[in-house]
K.L.:
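I am attaching a structure below and will ask some questions about it afterwards.
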Amino acid sequence: MREWLKPHRIGLLAVALALAVWAGVSMRWDWIPRYAELGMDGLWRTLWLLGVSILIGSAMAVPLGLAQASGPAWLAAPARWFCTVIRGTPLLLQIWLIYYGLGSLFPQYPWIRQSELWPYLRQGWPFALLALSFSFAGYEGEVMRGAFKSVPHGQLEAARAYGFSRFAVFWRIQLPQAIARALPTLGGETVLQLKATPLVATITVIDIYAVASRVRQDTFIIYEPLLLLAVIYMVIAGLIALGFRLLENRFTRGLGV
C-alpha cells in the first residue's frame, strides 16, 4: 500500500482516471454491445493461442537450450541452426510461410482431406499456433542455453561424485537453476509473445485485434476500438508481469540465485 501512496504514483493514477472519464464522456462506445460476443470470442482465442504456444515453445526451448549448452555436436548444430533461423527472420514471414506453404500442400493429398484432421487443417489457427510456438521456442531456446551454461560446473561434478545419474543431475540441479535464471527473461518474452499475436489476423484467425479491425470497417469508428484494444493488451501484459514476478519470487526462494 505504501508503494501506491507515493506522490508520483498518485499523480499517474489521477491522470489515468481523468483520461478514462474524458474518453467515457466524449467518445462513442455504443458499438460495444453489438460486438461484445465476438470480442469475447476474439479475446479467448488470443489468450488460448498465447498460453498454448508458450507451453509448446517452452517444452521445445529446454532441449534446444540443453543441446546447445552441453549436447553433442550432432544435436547442438541443428538446435543452433533452428534458433538462428527463427531469430533471424520476421514472425510475419514465418506465419505466411507455414500457412501458405503447408496450407497449400495438405489439400493435394486425398488421404489428408478425408481424415478427421481436415476440418481443423482448413482453418488458420493450427498454422498460427505452430508459427507462434516455433517463434517462442527459438528465442527462449537461446535464453535457456545461457541459463544452462550459467549453472556452476562444480555443482554438477559434485552431484556426479555422489552417484547421481545423468537424468537426476539434470532434473534436480540443472533444470531448476536454469529455470530460475530464465524466469525474468521468460516473463518479458511472454509479453512480447502477447504483442505478436495480432499477426495471426493476417491469415484469417479472428483474435481480439481482428475484432477491433472489423469494428472499424463496419462502423468507421477508428479511435475507440484501438483505445479499448490498447487497454486490453495493457491489462493482460500487467497481469503477466505480476504473475511472473510472484512466480520468480517463489521459485527462486532457497535456490540462492
K.L.:
Check this for me: Trp48, atom CH2, are more than 12 non-hydrogen atoms of other residues, nucleotides or ligands nearer than 6.0 Å?
P.N.:
yes
K.L.:
Test: salt bridge (charged side-chain N to carboxylate O under 4.0 Å, His left out). Region: residues 141-159. Which pairs qualify, not counting sequence neighbours?
P.N.:
Glu142-Arg145, Glu157-Arg160
K.L.:
Near Arg113 CZ, under 6.0 Å, is it more than 12 heavy atoms from other residues, nucleotides or ligands?
P.N.:
yes
K.L.:
Would Phe148 and Leu175 count as a side chain to side chain contact (heavy atoms under 4.5 Å, CB included) here? Give the steps.
P.N.:
CA-CA 8 Å; Phe148 279 123; Leu175 185 61; 4.2 Å; yes
K.L.:
Ala237 and Leu194: which non-hydrogen atoms are nearest, and at how many Å?
P.N.:
N-CD2, 3.8 Å
K.L.:
Name all pairs fulfilling the side chain to side chain donor-acceptor pair (under 3.5 Å) condition that reach into residues 95-110, sequence neighbours left out, sorted by first residue then second.
P.N.:
Trp96-Thr202
K.L.:
Minimum heavy-atom separation for Ala212 and Pro225, please, with both atom names.
P.N.:
O-CB, 4.0 Å
K.L.:
Count I, L, V, M, F, W, Y as connected when their side-chain heavy atoms are under 4.5 Å apart, and connections chain through other members. Are Phe164 and Val151 then in the same cluster?
P.N.:
yes
K.L.:
Can you name the one residue among Leu199, Leu192, Leu91, Ile95 that meets side-chain contact (heavy atoms from CB on, under 4.5 Å) with Ser135?
P.N.:
Leu91
K.L.:
Quick check for you: to the nearest 0.5 Å, what is the distance between Gln177 atom CD and Arg172 atom CZ?
P.N.:
12.5 Å
K.L.:
Set out, in order, the CA-CA distance, both residues' side-chain angles and the distance that settles side chain to side chain contact (heavy atoms under 4.5 Å, CB included) for Trp31 and Leu228, then state yes or no.
P.N.:
CA-CA 12 Å; Trp31 50 270; Leu228 182 58; 3.8 Å; yes
K.L.:
So how far is it from Thr190 OG1 to Ile236 CD1, rounded to the nearest 0.5 Å?
P.N.:
13.0 Å
K.L.:
Could you give the side-chain donor-acceptor pairs of residues 32-45 under 3.5 Å, partners two or more places apart or in another chain?
P.N.:
| from | atom 1 | to | atom 2 | distance (Å) |
| --- | --- | --- | --- | --- |
| Tyr35 | OH | Asp218 | OD2 | 2.9 |
| Arg45 | NH1 | Ile206 | O | 2.7 |

K.L.:
Go through the steps for Trp118 and Glu116 under the test side chain to side chain contact (heavy atoms under 4.5 Å, CB included), then give the verdict.
P.N.:
CA-CA 6 Å; Trp118 180 239; Glu116 297 181 357; over 6 Å; no
K.L.:
Please check if Tyr120 and Phe106 belong to a single hydrophobic cluster, counting links between Ile, Leu, Val, Met, Phe, Trp and Tyr side chain heavy atoms closer than 4.5 Å.
P.N.:
yes
K.L.:
Would you check if the side chain of Glu224 reaches a backbone N or O of Arg28 as a donor-acceptor pair within less than 3.5 Å?
P.N.:
yes
K.L.:
Counting only heavy atoms not in Tyr209, do more than 12 sit closer than 6.0 Å to its OH atom?
P.N.:
no
K.L.:
May I ask whether Ile54 and Leu242 are part of the same hydrophobic cluster, defined by side-chain heavy atoms of I, L, V, M, F, W, Y residues being less than 4.5 angstrom apart, directly or through others?
P.N.:
no
K.L.:
Got a sec: does the CZ of Arg214 have more than 12 other heavy atoms crowding it under 6.0 Å?
P.N.:
no
K.L.:
Which pair of heavy atoms, one from Ala182 and one from Met144, lies closest together, and at what distance?
P.N.:
CB-SD, 3.7 Å
K.L.:
Is the side chain of Glu140 donor-acceptor paired with the backbone N or O of Gly57 at a distance under 3.5 Å, no angle test?
P.N.:
no
K.L.:
What pair of heavy atoms forms the shortest contact from Pro78 to Ala73, and how long is it?
P.N.:
CD-O, 4.2 Å
K.L.:
Which atoms form the tightest heavy-atom contact between Ala76 and Ala67, and what is the distance?
P.N.:
CB-O, 3.3 Å
K.L.:
Out of curiosity, Ile240 CD1 to Gln193 CD, how far, rounded to the nearest 0.5 Å?
P.N.:
9.5 Å
K.L.:
Could you tell me if the side chain of Thr185 sits less than 4.5 Å from the side chain of Tyr139, heavy atoms only?
P.N.:
no
K.L.:
Is there a path of hydrophobic side-chain contacts, each under 4.5 Å between heavy atoms of I, L, V, M, F, W or Y residues, that connects Ile232 with Leu226?
P.N.:
no
K.L.:
Kindly state each residue pair satisfying ring pair (Phe, Tyr, Trp, His ring centres under 6.0 Å) with at least one member in residues 55-85, sequence neighbours excluded.
P.N.:
Phe82-Phe134
K.L.:
Answer whether the closest heavy-atom distance between the side chains of Asp207 and Val211 falls below 4.5 Å.
P.N.:
no
K.L.:
Is there a path of hydrophobic side-chain contacts, each under 4.5 Å between heavy atoms, that joins Ile203 and Leu117?
P.N.:
yes
K.L.:
For a side chain to side chain contact (heavy atoms under 4.5 Å, CB included) check, start with the C-alpha distance between Leu186 and Glu248, then their side-chain angles and the critical distance, and finish with the verdict.
P.N.:
CA-CA 10 Å; Leu186 178 60; Glu248 181 183 351; over 6 Å; no
K.L.:
Do any side-chain atoms of residues 121-133 form donor-acceptor pairs under 3.5 angstrom with protein atoms, and if so which ones, sequence neighbours left out?
P.N.:
| from | atom 1 | to | atom 2 | distance (Å) |
| --- | --- | --- | --- | --- |
| Gln123 | OE1 | Trp125 | NE1 | 3.2 |
| Gln123 | NE2 | Pro119 | O | 3.1 |
| Ser133 | OG | Leu129 | O | 2.7 |

K.L.:
Measuring from atom CD of Glu189 to atom CZ of Phe244, what distance do you get when rounded to the nearest 0.5 angstrom?
P.N.:
10.0 Å
K.L.:
With rounding to the nearest 0.5 angstrom, report the OG1 to CZ distance, Thr89 to Arg87.
P.N.:
11.0 Å
K.L.:
Output the distance between atom OG (Ser165) and atom CZ (Phe170), rounded to the nearest 0.5 Å.
P.N.:
11.5 Å
K.L.:
Sort and list the pairs that fulfil side chain to side chain donor-acceptor pair (under 3.5 Å) and have at least one residue in residues 226-243, not counting sequence neighbours.
P.N.:
none
K.L.:
Apply the side-chain contact (heavy atoms from CB on, under 4.5 Å) test between Val200 and each candidate in Leu49, Thr46, Leu92; give the one that qualifies.
P.N.:
Leu49
K.L.:
Determine the minimum heavy-atom distance between Ala178 and Ala147, stating which atoms define it.
P.N.:
O-CB, 3.3 Å
